[in-house]
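Below: the structure, in structure tokens.
In listed order, ligands and their atoms are each counted from 1. Quick note: numbers below take in every heavy atom, side chains included, and nothing from hydrogens, waters or symmetry partners.
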Amino acid sequence: MKITPRVFSGMQPTGSLHLGNYLGAMVNWIKMQDTHECIYCVVDLHAITVWQEPSELRTAIRQVTASYIAAGLDPQKSVLFNQSQVSAHAELGWIFNCVARLGWLNRMTQFKEKAGKDREQASVGLYAYPNLMAADILAYRATHVPVGEDQKQHLELARDIAQKFNNDFKTEIVAAGFADGIFFPQPEPVITGPTRVMSLRDGTKKMSKSDPSDLSRINLMDDADTVARKIQKAKTDPDGIPSEVKGLEGRPEAENLVGIYAALTDQPVEAVLRDFGGQQFSAFKKALADVATDKLGRIGGEASRLMQDPAEIDRILADGAARARAIAKPVMDNVKDIVGLIRS
Ligand code: AMP
Ligand code: TRP
């Protein structure tokens, strides 16, 4: 089984997807469909590392799936499914719990942020989360992982796990027919675009599902009026739009809005500044609201339409899960042989 280039990525079905998810990760997911074999997952097992209301979780899984498709993921071209339908994730996750070291997980900044002060009360799942993420990727021996910058540390951990597995089981890996002793590839993050989309209320904080203020983010499900209102209310500073990139230094809110405009119109920041340099924020915000409502309005509208037929979404997920299982099966068979487990 040769290692072939393969893309894997996922998002949690918690809260609603926002512009940061879209520009930070999904735009790349969509582009990579044309060049790679892609597997995109709604990572519901990751979501339950913090409490999820069961009835809301089901809706959120469908909602994220609808947003994926509305944004341009093609369930024919790519494999699109929810994680819990493919048992390979949890199985390999357990094996990786036994490969990763406590010291490695203790360094994970996302756990420290999410667990907060009361770490004793955090779930064991939240702590082991990065091992499951490594399993998501490596169950398909995926090589490329389009994500936002905040996932870089988790990807490093996935590479460490892959390497330790390859080292620990070198003899067995060679015996299983992998002559070079390499079973798992080293998955690489693919990060482009505005690496971090910031909050509309505070340009030093990242746009996030968990920000208590809904005005801080643009949700993919917001209607055109809401998007326009949030952009009008976005924090700015008293100066206008500069003509050069240097003029954005030390002005996080201005930099963020210009970056969003550039990403939505697929042009460099320099080009945006050439067009808008010297103008007031009020004019720029109108233009930004236009491009944002055009793009997101379409995505939100299409996702709402898809949500009216939940059975069809479930069918798409089941079909994707069957295809995902077929890819993961030979990998898991090899893993079990390599580790020394008996399988039928
Ligand atoms: P999360 O919302 O934390 O589940 O993240 C899902 C994906 O979106 C990950 O690849 C993140 O890196 C990316 N992402 C989340 N928030 C942002 C943001 N504000 N800017 C850029 N990328 C983001
Ligand atoms: N940890 C990612 C996040 O919070 C979600 C995720 C889970 C993921 N498994 C993954 C991303 C595998 C890429 C590949 O956004």
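Shown in contact with Met207 at under 4.0 Å from a heavy atom are these atoms of ligand 1, numbered in order with element: 16 (N), 18 (C), 19 (N).
A donor-acceptor contact shorter than 3.5 Å links the side chain of Thr293 to the backbone of Asp290. Judged by distance alone, with hydrogens and angles left aside, the side-chain atoms of His18 form a donor-acceptor pair with the main-chain N or O of Gly20 at under 3.5 Å. Formation of a donor-acceptor pair under 3.5 Å by the Ser199 side chain with backbone atoms of Lys205 is not found in this model.
Of the listed residues (Gln12, Lys209, Arg196), the one carrying the non-hydrogen atom nearest atom 1 (P) of ligand 1 is Lys209. Nearest-residue assignment for atom 11 (C) of ligand 1 (options Asp150, Asn21, Val147; heavy-atom criterion): Asp150.
If you look at ligand 2, the protein residues with a non-hydrogen atom under 4.0 Å away are Phe8, Ser9, Gly10, Gln12, Val43, His46, Tyr129, Met133, Asp136, Ile137, Val145, Val147, Gln151.
Applying the 6.0 Å contact sphere to CD of Gln232 captures more than 12 heavy atoms from other residues, nucleotides or ligands. Within 6.0 Å of atom NZ in Lys77, more than 12 heavy atoms from other residues, nucleotides or ligands are found, so the atom counts as buried in its surroundings. When the shell of 6.0 Å around NZ of Lys112 is examined, it contains more than 12 heavy atoms from other residues, nucleotides or ligands.
The one candidate from Tyr140, Phe96, Phe169 that meets the ring pair (Phe, Tyr, Trp, His ring centres under 6.0 Å) condition with Phe184 is Phe96.
Using a 4.0 Å cut-off between charged nitrogen and carboxylate oxygen, Asp319 and Arg315 do not count as a salt-bridge pair.
Residue-to-ligand polar distances place Gly148 within reach of ligand 1: an N/O pair is separated by less than 3.5 Å.
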